[in-house]
Amino acid sequence: MRRRDFIRTSSLALPVVHSIKKDDPSAEFPVVVSTWDFGKAANAAAWKILSAGGKAIDAIETGARVTEADQSNKTVGVGGYPDRDGHVTLDACIMDEHGNCGSVMCLEDIMHPISVARKVMEKTPHVILVGQGALQFALQNGFTRQNLLTPDSEAAWKEWLKKANYKPVINIENSSYQQTPSTDHFPGSIDNHDTIGILALDASRNLSGGCTTSGMAFKMHGRVGDSPVIGAGLFVDNEVGAATSTGVGEEVIKCVGSHLVVELMRQGFTAPKACKKAVERIAQRNPQKAREIQIGFLALDKQGNYGAYALQNGFTYSVKTKDKEMVVESDYHFTIRPR
Ligand code: ASP
């Protein structure tokens, strides 16, 4: 399915709760939600675990691995666009219902950073491993080394090198933008960022989340965005809810975005309203910059209510429950696209 083949919903149509009720009969769970339309395949894999009564944390890892292994996806895992020096460097994090978390940053040559992040969470006293240390840990734990730079991504990088103009492109899957692609950005009109953030509430009503990405295409070597930063790209609080983000990570880090969304839900905002408030915070802080970038938040509360909000149009998310399998277009802040 392409991103324009979505179901458009209003946040008003989503279930609304203003307080966390422990036994809300309208609660729908298990449920799994994930960023973008490519989240649909991840959700399907996660659903197999959730529908069999499995744990959210297992569903998260299984779902994220689907996207990481998809070579056609240029923004996550194998086949992800490299940095400006030609290295594919991956970032991922995972968080469970107990508040345990693990993260890897700038990991090379390993296809499944989400699984390495889980091992960091479960087998070390640490939360984050980076670069060579993360690779060493992965190899010691049975992961195999492989070249993640596919011929397609290498060709796109070589094309980019001709101009070497580093500028994030707002989710260019938006159809009106596709009609007038800017050649100032990335020749060939390629999508240069997008992440899978995935959140699940299991049959035991426990929440977990994960986030995995190759980050900004053609970024500076060593650059890490929000995705593997606990609190920025992902946050899970089993009392309240979980949130994840996609888009220009630097701006998400500056407001500790996913933690902000969860804390807003704790204050009583619904999942979509909490995402909206966080986006508005970013837009208010630097209105000019906010017009030039995309950021989207996705949240899932303890009842199984979910919602999203983005700076610009074009952000979609995927949902899977017992009765639903859909891609939803998020509401957004700016009604006029930047030119
Ligand atoms: N948030 C990711 C990063 O900044 C990229 C994205 O989701 O678009 O690395």
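Below, all heavy atoms of this structure are taken into account, side chains as well, without hydrogens, waters or symmetry copies. Just so you know, ligand 1 is whichever comes first in the structure, and atom 1 is the first atom listed for that ligand.
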Could you tell me whether some N/O pair between Thr246 and ligand 1 is separated by less than 3.5 angstrom? yes
Geometry only, no angles: is Gly247 polar-contacting ligand 1 at N/O separations under 3.5 Å? yes
List the atom of Gly209, the atom of Val236, and the distance in Å for their closest heavy-atom pair. N-CG2, 3.5 Å
Asp194 heavy atoms, cut-off 4.0 Å: which ligand 1 atoms fall inside? 6 (C), 7 (O), 8 (O)
Over 12 non-hydrogen atoms of neighbours within 6.0 angstrom of NZ in Lys324: yes
More than 12 non-hydrogen atoms from neighbouring residues, nucleotides or ligands closer than 6.0 Å to CD on Gln132, yes or no? no
Donor-acceptor pair, Ser103 side chain versus Pro228 backbone, under 3.5 Å? yes
Atom indices of ligand 1, in the order listed, that fall short of 4.0 Å to a heavy atom of Gly249: 4 (O)
Which of the atoms of ligand 1 are close to Asp226, meaning less than 4.0 Å from one of its heavy atoms? 1 (N), 2 (C), 3 (C), 4 (O)
Number the atoms of ligand 1 from 1 as they appear, then name those within less than 4.0 Å of a heavy atom of Ser227, with their elements. 1 (N), 2 (C)
Counting from 1 in the order shown, the ligand 1 atoms closer than 4.0 Å to a non-hydrogen atom of Met216 are 9 (O)
Geometric class of the His221/His87 ring pair [parallel <30°, tilted 30-60°, perpendicular >60°]: tilted
Any N or O of Gly215 closer than 3.5 Å to N or O of ligand 1: no
The salt bridge (Lys or Arg N to Asp or Glu O under 4.0 Å) partner of Asp58 among Arg118, Arg65, Lys48 is Arg118
Is the Tyr81 ring parallel, tilted or perpendicular to the Phe218 ring (thresholds 30°, 60°)? tilted
Quick one: does Arg223 get within less than 4.0 Å of ligand 1, heavy atoms only? yes
